[in-house]
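As structure tokens, the structure follows; a few thoughts come after it.
For the single chain, residues carry numbers from 1 onward in sequence order.
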Amino acid sequence: MLGMDRATARLRSSRDTGEKVAIVGDYDVDGVTGTALLTVVLRACGIDVEPVLPNRLVDGYGFQETQVHKARGLGCTLIVTVDCGTTSTPAVAAAQQAGIDVVVTDHHIPSPDLPQHAIQINPRQQGCEYPFRDLSGVGLALKLGQGVAAVCGRELPTTALLRVACLGTIADLVPLVGENRVIASLGLEALRRTRSCGLRALIRNARLTPPFRASDVGFRLGPRINAAGRLSTPDHALELLLTRDPDRASELADELEQCNTARRAEEHKVVEEARAAIDERDELPGILVEWAEGWHRGVVGIAASRIARQFHRPTLLLAVQDDLAVGSGRSIPGIALYDFLKQWDAELDRFGGHPQAVGMTVARNRLESLRAAWEQAAKWPEEVLQRRYEYELELKPEEVDQALFDELNTFQPHGMGNPHPVLRVGPLEVQGGIKVFGQGHRKARAVGPNGGDVRLLAWTRDEASMVSLEGTFEVLGQLEWDSYSQVPVFEVTDSRPAA
């Protein structure tokens with residue numbers, strides 16, 4: 001991997017000379033887990049380490065000059081970034097001017113103008129011939145940690161590191177193929193035997209029991225780690241991963257639980273207000289752009305993903321405060337949102353992200369003109385904007401059983417790049433009525449004309465996920481394991497009357 005030899009040599013030198021090293025991570029699950037992993041590994045190698053995480057509301061996204069000042073105040077002469085920095089030219093230059101060397105580890109699309117003397121580890125950078133380009137931020141932290149341990153002659157507890165690495169890898173929605181699939185699979189298996197009191201407290205609060213699946217990280221563990229960084233500072237999430245005090249771990253897990261509850265409330269507010277504004281439009285444009293004062297900038301990204309899913313349009317939501325708007329965008333299959341918005345990079349204060357997810361900061365007085373320009377340019381092919389479901393198997397109800405679940409289960413873990421096999425099953429009729437639980441979620445037992453007993457589970461995360469289970473119908477969805485009833489259940493994505 002390009003830059004790895006230089007980075008490991010520089011970190012070994014910091015150990016030999018007694019330098020202090022700052023690890024500057026991002027505030028999401030990927031950045032926090034990567035920071036925790038690298039902190040543990042470098043300390044085990046005898047390196048004096050200080051983790052520095054940003055406050056989303058104060059510092060904004062990415063590696064900033066603020067973190068340079070903090071590192072300098074701590075007496076650090078080397079900064080290692082995790083999951084950020086590849087487009088942070090001003091911050092890297094400020095560090096170098098302050099006499100601080102910089103090692104950037106990041107998986108986002110790199111900027112071509114990063115200062116020359118900075119060491120960069122990013123498989124996407126020009127000239128890097130590493131065969132797997134899709135490692136997450138924590139995946140790169142794992143690689144760097146392994147490299148430093150090797151040059152320092154230190155044996156690493158790889159299984160323990162994979163438990164942490166799998167969290168960021170799965171939650172950051174990188175493709176679960178290649179090395180990511182290995183990290184996720186081995187990490188999930190090792191998670192059931194974790195001795196980390198922080199992870200044990202987190203798992204207990206999430207009410208999870210092994211075996212753990214990628215969906216447990218994506219919908220239960222990841223959001224709890226993310227919640228602290230979304231609403232304020234991720235420091236408590238980092239402390240949870242690093243603490244060895246069970247009592248403190250329980251306190252921190254409870255705090256993250258409270259943050260997650262507050263996060264859901266803020267997210268609901270943004271989704272409802274954005275949806276109401278969109279519903280007032282006579283015709284939907286190719287891209288949905290909304291903003292408002294009072295929106296919490298920490299939740300606009302996840303809210304945008306819900307709006308994009310409901311209206312099947314790329315969506316950009318921005319929280320306005322004073323003269324600036326900070327926002328996040330999410331796309332739909334077939335549209336590379338990053339490439340589309342990159343054309344207006346010069347008009348944005350800050351911009352970065354992935355093909356399907358972006359973040360930006362823009363002057364408030366530019367929003368109207370930019371929205372008009374984006375809507376005018378967003379002329380996607382009609383077939384892209386048609387909601388389509390592709391399925392792998394068409395089955396009769398009597399074919400959906402434990403044996404099928406066991407066979408499909410061998411394809412785990414599922415995620416981006418390796419989605420659940422989608423099944424089409426029918427005709428079905430509900431027997432015994434529909435049970436409603438939680439926030440409008442529904443359970444039912446359905447049978448086919450020639451037998452077969454299919455347990456249906458229909459999650460209601462928003463209006464777009466509402467499906468009909470009336471009359472004789474067929475369903476699209478996936479087989480999942482219900483840890484409560486200890487049987488396979490069919491999670492319904494969509495339904496329609498049977499032909």
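Formation of a donor-acceptor pair under 3.5 Å by the Asp482 side chain with backbone atoms of Val489 is not found in this model. Between the side chain of Asp30 and the backbone N or O of Gly137, at least one donor-acceptor pair lies under 3.5 Å. A distance-only check finds no donor-acceptor pair linking the side chain of Lys269 to the backbone of His296 [under 3.5 Å]. Remark: the backbone N or O of Ser468 is paired with a side-chain donor or acceptor of Ser495 at under 3.5 angstrom. Between the side chain of Arg387 and the main chain of Gln310, a donor-acceptor pair closer than 3.5 Å is present. Checked by atom type and distance alone, the side chain of Thr105 pairs as donor or acceptor with a backbone atom of Thr81 at under 3.5 Å. In this structure a side-chain-to-backbone donor-acceptor pair under 3.5 Å is missing from Ser185 to Val182. At distances below 3.5 Å, not a single donor-acceptor pair connects side-chain atoms of Asn418 with backbone N or O atoms of Val177. Using modelled atom types, no side-chain atom of Thr410 and backbone atom of Asp406 make a donor-acceptor pair closer than 3.5 Å. The backbone N or O of Arg220 lies less than 3.5 Å from a partner atom in the side chain of Arg224, making a donor-acceptor pair.
Contact check on Glu480 versus Arg213 returns a salt bridge, with a Lys/Arg side-chain nitrogen under 4.0 Å from an Asp/Glu carboxylate oxygen. Salt bridge Glu267/Arg230: absent, no basic N to carboxylate O contact under 4.0 Å. Between Arg263 and Glu266 there is no salt bridge, since no side-chain nitrogen of the basic residue lies less than 4.0 Å from a carboxylate oxygen of the acidic one.
The two atoms that bring Gly286 and Pro314 nearest to each other are O-CD, 3.2 Å, heavy atoms only. For Leu337 against Ser331, the heavy-atom pair with the smallest separation is CB-CB, 3.7 Å. Between Gly178 and Phe132, the shortest heavy-atom distance links the atoms CA-CE1, 3.8 Å. Of all heavy-atom pairs spanning Pro419 and Gly417, the tightest one is CD-C, 3.6 Å. Counting all heavy atoms, side chain and backbone alike, Pro51 lies closest to Thr35 at CB-CG2, 3.8 Å. Nearest heavy-atom pair across His107 and Leu135 is CB-O, 3.1 Å.
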Please walk me through it: do Val138 and Asp83 pass side-chain contact (heavy atoms from CB on, under 4.5 Å)?
CA-CA 7 Å; Val138 70; Asp83 192 35; over 6 Å; no
Before giving the answer on side-chain contact (heavy atoms from CB on, under 4.5 Å), spell out for Gln64 and Ser88 the whole-Å C-alpha distance, their side-chain angles and the decisive distance to 0.1 Å.
CA-CA 7 Å; Gln64 301 282 339; Ser88 302; over 6 Å; no
Apply the test side-chain contact (heavy atoms from CB on, under 4.5 Å) to residues Val68 and Phe63: give CA-CA distance (whole Å), side-chain angles for both, the deciding distance (0.1 Å), then the verdict.
CA-CA 8 Å; Val68 175; Phe63 178 38; 3.6 Å; yes
Could you go through Val425 and Tyr391, starting from their C-alpha distance and side-chain angles, then the distance that decides it, and tell me whether this counts as side-chain contact (heavy atoms from CB on, under 4.5 Å)?
CA-CA 10 Å; Val425 180; Tyr391 56 91; over 6 Å; no
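More than 12 heavy-atom neighbours from other residues, nucleotides or ligands sit within 6.0 angstrom of CD on Gln431. Remark: His268 NE2 is loosely packed, at most 12 non-hydrogen atoms of other residues, nucleotides or ligands lying under 6.0 Å away. Counting heavy-atom neighbours within 6.0 Å of Glu383 CD, excluding the residue itself, gives a total above 12. Atom CZ of Arg455 is surrounded by 12 or fewer heavy atoms from other residues, nucleotides or ligands within 6.0 Å. In the displayed structure, Gln376 atom CD is contacted under 6.0 Å by at most 12 heavy atoms of other residues, nucleotides or ligands. Around the CD atom of Glu407, the shell of radius 6.0 Å holds no more than 12 heavy atoms that belong to other residues, nucleotides or ligands.
Sorted by first then second residue, the salt bridge (charged side-chain N to carboxylate O under 4.0 Å, His left out) pairs that include residues 121-131, not counting sequence neighbours, are Arg124-Asp134. Sorted by first and then second residue, the pairs that involve residues 323-342 and meet salt bridge (charged side-chain N to carboxylate O under 4.0 Å, His left out), not counting sequence neighbours, are Lys342-Asp345. Note on residues 283-304: pairs passing salt bridge (charged side-chain N to carboxylate O under 4.0 Å, His left out), not counting sequence neighbours, are Glu290-Arg371, Glu293-Arg364.
Interatomic distance, CG of Asp401 versus CD of Glu399, reported as 8.5 Å (0.5 Å rounding). Note: Glu368 CD to Trp291 CH2 = 4.0 Å, rounded to the nearest 0.5 Å. Within the model, atoms CG of Leu404 and CG of Asn409 stand 10.5 Å from one another, a figure rounded to the nearest 0.5 Å. From Arg275, atom CZ reaches atom CD of Glu280 across 14.0 Å, with rounding to the nearest 0.5 Å. Between Leu140 atom CG and Tyr130 atom OH the span is 8.5 Å, to the nearest 0.5 Å. To the nearest 0.5 Å, atoms CD1 (Ile225) and SG (Cys259) are separated by 12.5 Å.
The six-membered or imidazole ring of Phe219 lies away from that of Trp459, with a centre-to-centre distance of 6.0 Å or more.
By the side chain to side chain donor-acceptor pair (under 3.5 Å) test, His236 is found to be paired with Glu255, residues two or more places apart in sequence or in another chain being considered. Applying the side chain to side chain donor-acceptor pair (under 3.5 Å) test to Thr86 and every residue at least two apart in sequence or in another chain returns Gln120, Asn122. Phe473 pairs by the ring-ring contact (aromatic ring centres under 6.0 Å, His included) definition with nothing, not counting sequence neighbours.
In this structure, Ile332 and Phe311 have side chains that are not in contact, with every pair of non-hydrogen atoms separated by 4.5 Å or more. In this structure, Thr493 and Val422 have side chains that are not in contact, with every pair of non-hydrogen atoms separated by 4.5 Å or more. Taking 4.5 Å as the limit, every side-chain heavy atom of Val82 sits out of range of all side-chain heavy atoms of Asp26. Between Leu348 and Leu370 there is a side-chain heavy-atom pair separated by less than 4.5 Å. Contact annotation: the side chain of Leu318 never approaches that of Val300 to less than 4.5 Å [non-hydrogen atoms, C-beta and beyond]. The shortest side-chain heavy-atom distance between Pro413 and Leu188 falls under the 4.5 Å cut-off. Looking at heavy atoms from C-beta onward, Glu375 lies in side-chain contact with Ile287 at the 4.5 angstrom threshold. In this structure, Phe212 and Ile203 have side chains that are in contact, with non-hydrogen atoms separated by less than 4.5 Å.
Tested against Leu423 for a side chain to side chain contact (heavy atoms under 4.5 Å, CB included), the candidates Leu479, Leu476, Val475 yield a single pass: Leu479.
Relative orientation of the Trp344 and Trp374 rings is perpendicular, given thresholds of 30° and 60° on the angle between their planes.
Side-chain contact of Thr169 with Ser136: a donor-acceptor pair under 3.5 Å is present, judged by distance alone.
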